[in-house]
Amino acid sequence: PIRMSELDRHDEGLDAIEESTAIYRRLAKANPAAYLPNLATSLNNLSNLLKVLGRVDEAEAIGGEAARLSR
């Protein structure tokens with residue numbers, strides 16, 4: 001997803017990050033100890049791309065969620 005962004009293919013990158021985040025949400029619900037770190041990373045990536053796309057309010061909310069999970 002980050003690589004797509006670097007190639008200026010933000011929409012495709014966003015789709016990929018949103019898909020991976022949804023998968024990690026399901027996995028973390030079933031096994032938090034194993035998957036919460038991955039979910040936090042995926043949320044952070046999503047937040048960063050949303051900032052690039054100018055969707056700052058969404059980015060901040062998702063970034064906050066990532067930070068809470070990382071603690």
Side-chain angles (χ1 to χ4, degrees):
I2 300 295
R3 305 252 187 258
M4 299 243 183
S5 180
E6 291 170 359
L7 296 172
D8 203 28
R9 295 169 60 184
H10 300 295
D11 291 333
E12 291 174 63
L14 182 60
D15 290 343
I17 292 173
E18 287 176 332
E19 182 179 352
S20 68
T21 300
I23 291 167
Y24 280 124
R25 280 190 193 281
R26 289 192 302 272
L27 291 169
K29 186 175 181 181
N31 189 347
Y35 292 103
L36 279 178
N38 299 90
L39 176 57
T41 298
S42 187
L43 287 166
N44 188 58
N45 291 340
L46 177 57
S47 175
N48 290 337
L49 183 53
L50 288 170
K51 286 178 191 172
V52 168
L53 295 173
R55 295 166 57 179
V56 178
D57 291 339
E58 289 175 80
E60 288 178 359
I62 290 170
E65 182 181 359
R68 286 188 299 279
L69 291 176
S70 295
R71 290 187 188 123

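Of the possible polar contacts, none joining the Arg25 side chain to the Thr21 backbone as a donor-acceptor pair under 3.5 Å is found.
Across all their heavy atoms, Tyr24 and Leu39 have their closest contact at CB-CA, 3.8 Å. Pairing each heavy atom of Ala59 with each of Ser47, the nearest pair is O-OG, 2.7 Å.
One hydrophobic cluster holds both Leu50 and Val52 under the rule that ILVMFWY side chains link at heavy-atom gaps under 4.5 Å. By the criterion of side-chain heavy atoms lying less than 4.5 angstrom apart, applied directly or through intervening Ile, Leu, Val, Met, Phe, Trp or Tyr residues, Ile62 is grouped together with Ile23 in one hydrophobic cluster.
When side chains are defined from C-beta on, Leu69 counts as touching Leu43, because their heavy atoms get closer than 4.5 Å. Side-chain contact check for Asn48 versus Asn44: some heavy-atom pair is nearer than 4.5 Å.
Residues that satisfy the side-chain contact (heavy atoms from CB on, under 4.5 Å) test with Glu18, not counting sequence neighbours, are Leu14, Asp15, Leu46.
Between atom CD of residue Glu58 and atom CG of residue Leu49 there is a gap of 11.0 Å, rounded to the nearest 0.5 Å.
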